[in-house]
Participant: 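Can you read through this structure? Questions will come right after.
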Amino acid sequence: MALEDICCFKDKPAQQLFPFPALETDYHNLELERLKTSQTNWGDPQHIFIPPFPQATPFISRRTSRFRPPNHALTVQRPFPLSHGTTTLGFIFQGGVIAAADTRASAGGLVACPAVHKITPIHSHLVVTSSGSGADCMLWERILIREIRLYELRHKRRLSIRASAKLLSFMLHPFKGTDVCVALTLCGWEKEGGSSGLVHNFGNQSLVTDVSSSGTAGNTSAADPLSPNSGPQVIYVCSDGARLQGDIISVGSGSPYAYGVLDGGLSWGLSKEEAISLAREAVFRATHRDAYSGNNVDLFHIDAQGWIQRPREDLKEEYYRELERRSKRRREKKKRDTIESS
């Protein structure tokens, strides 16, 4: 046929038509007569005619084992394992929800980026903290934003936070056991029955500092504290499809250190300033001990009026402030000891 003449199938032997190493073994030996009899591709749908690619021959010169299964893609070994690490946390108190995270993106022993955003606003009353593979987390955050937006357009009301977590869990469950690495924590404020307005704040989120999301105060009200489906919500969803809801959740390699600070200082009656200080302290302690976390801290506060992002803070400055506090305590203790001894 004309396509055969263009691709030079008639005049070339089988090994030139298929210059792949796996076809040189006895198991995958294809005769020229067999190729000619299956030109219509009716006998076996796996026989696909491929034009010759002479330029690809040097890149596939290595032979594969005759025991390798057909069409097995060769895997490239990394020079070192790209382990991931981070510190993210979210907890509930009387003033709403606090979400905090560091900003270091690590790839094993390398700092891939010192200033990433691990907290992503989904809508005016919901943010998501991400831990795991950066590319996977960004993809599934965009998918979640899209699904919530489509639900709003179809039903004229916003999908609840618990339903959003359940939807995300169902979407991630088919990827259980694969290389997908996603651990998201949904932190938000739920109004009973969902919001009736299609209010969004998807602008330049990184530039929003200490400003509440615009246009949300008129469409929300304080949630009923007696309803379990309203008020502050913190829900964890991972790539295995697991879904956990709690009052305090920390994820990442620095989470054991963050839990140590949060368990000692968290209570329901904290004020907003005390809750923010506790979250900063937890992230700082985790980044000080965990090599895969560090650089800066991002912090969001979510209540009935929407989310508020505080200015990004450098943890290095917090480290020096902590040294100064320790030095001041030592001087005061030394002074008291001197007075008592005299």
Side-chain angles (χ1 to χ4, degrees), residues 78 80-93 97-120 127-134 136-137 181-187 234 236-239 242 244 246-267 270 273-301 309-333:
R78 299 188 181 98
F80 50 84
L82 294 179
S83 56
H84 309 287
T86 186
T87 301
T88 66
L89 61 91
F91 62 85
I92 296 173
F93 70 109
V97 182
I98 294 293
D102 72 305
T103 63
R104 174 177 294 179
S106 58
L110 303 177
V111 178
C113 180
V116 299
H117 293 274
K118 299 182 182 180
I119 306 179
T120 304
V127 300
V128 171
T129 68
S130 57
S131 176
S133 175
D136 294 338
C137 292
C181 183
V182 176
L184 304 179
T185 305
L186 284 69
C187 306
V234 176
Y236 166 78
V237 181
C238 73
S239 50
L244 303 174
D247 296 334
I248 171 175
I249 292 177
S250 181
V251 186
S253 57
S255 60
Y257 310 103
Y259 273 126
V261 176
L262 294 175
D263 290 340
L266 181 60
S267 64
L270 291 177
E273 290 73 19
E274 291 173 340
I276 291 174
S277 177
L278 178 64
R280 290 172 59 255
E281 179 75 10
V283 176
F284 165 66
R285 297 298 179 185
T287 55
H288 182 59
R289 292 297 180 183
D290 178 34
Y292 303 107
S293 306
N295 294 100
N296 306 294
V297 56
D298 286 334
L299 194 144
F300 281 70
H301 174 232
Q309 180 181 3
R310 289 180 54 85
R312 174 173 288 185
E313 301 179 65
D314 190 352
L315 290 173
K316 181 175 64 175
E317 301 299 329
E318 180 67 22
Y319 173 73
Y320 289 120
R321 285 194 293 267
E322 175 65 17
L323 291 181
E324 181 63 26
R325 287 193 294 266
R326 290 182 180 181
S327 177
K328 184 178 179 180
R329 287 195 296 266
R330 285 195 297 266
R331 289 195 300 267
E332 292 177 353
K333 185 177 182 300

Participant: Quick one: salt bridge (Lys or Arg N to Asp or Glu O under 4.0 Å) partners of Arg330, sequence neighbours excluded?
Facilitator: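 Per chain and number, Arg330 pairs via salt bridge (Lys or Arg N to Asp or Glu O under 4.0 Å) with no residue.
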Participant: Of all heavy-atom pairs between Cys187 and Gly90, which one has the smallest distance, and what is that distance?
Facilitator: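 Reported closest heavy-atom pair: SG-CA, 4.2 Å.
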Participant: Can you list every pair that meets salt bridge (Lys or Arg N to Asp or Glu O under 4.0 Å) and has a residue in residues 253-264, with sequence neighbours left out?
Facilitator: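 Qualifying pairs: none.
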Participant: Please check if the side chain of Asp136 supplies one atom and the backbone of Val182 the other of a donor-acceptor pair under 3.5 Å.
Facilitator: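 Checking the backbone N and O of Val182 against the side chain of Asp136, no donor-acceptor pair under 3.5 Å is found.
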Participant: Can you tell me if Thr287 uses its side chain to pair, donor with acceptor, with the backbone of Val283 under 3.5 Å?
Facilitator: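 Between the backbone of Val283 and the side chain of Thr287 there is a qualifying donor-acceptor contact (under 3.5 Å).
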Participant: According to ring-ring contact (aromatic ring centres under 6.0 Å, His included), who are the partners of Phe93, at least two apart in sequence or on a separate chain?
Facilitator: His301
Participant: Quick one: side-chain hydrogen bond (donor to acceptor under 3.5 Å, both in side chains) partners of Arg326, sequence neighbours excluded?
Facilitator: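 Glu322.
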Participant: After noting the C-alpha distance and the side-chain angles of Asp298 and Thr103, does the key distance pass the side-chain hydrogen bond (donor to acceptor under 3.5 Å, both in side chains) rule?
Facilitator: CA-CA 7 Å; Asp298 286 334; Thr103 63; 5.9 Å; no
Participant: Whether the Lys118 and Thr86 side chains hold a donor-acceptor pair (N or O, under 3.5 Å, no angle test) is what I'd like checked.
Facilitator: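 A pair is found: one side chain offers a donor N or O, the other an acceptor, under 3.5 Å apart.
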Participant: Using side chain to side chain contact (heavy atoms under 4.5 Å, CB included), reason through Ile98 and Leu299 one step at a time and then give a plain yes or no.
Facilitator: CA-CA 7 Å; Ile98 294 293; Leu299 194 144; 4.2 Å; yes
Participant: Just by distance, do the side chain of Thr88 and the backbone of Ser130 share a donor-acceptor pair under 3.5 Å?
Facilitator: no
Participant: Does any part of the side chain of Val97, heavy atoms only, come nearer than 4.5 Å to the side chain of Phe91, both counted from C-beta?
Facilitator: no
Participant: Hey, does the side chain of Arg104 reach the backbone of Ala291 with a donor-acceptor pair shorter than 3.5 angstrom?
Facilitator: yes
Participant: Under the salt bridge (Lys or Arg N to Asp or Glu O under 4.0 Å) rule, collect the residues that match up with Lys333, sequence neighbours excluded.
Facilitator: Asp337
Participant: For Glu332, what residues pass the salt bridge (Lys or Arg N to Asp or Glu O under 4.0 Å) criterion, not counting sequence neighbours?
Facilitator: none
Participant: Considering only heavy atoms from C-beta outward, does the side chain of Thr185 approach that of Val128 to under 4.5 Å?
Facilitator: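 No - every pair of side-chain heavy atoms lies 4.5 Å or more apart.
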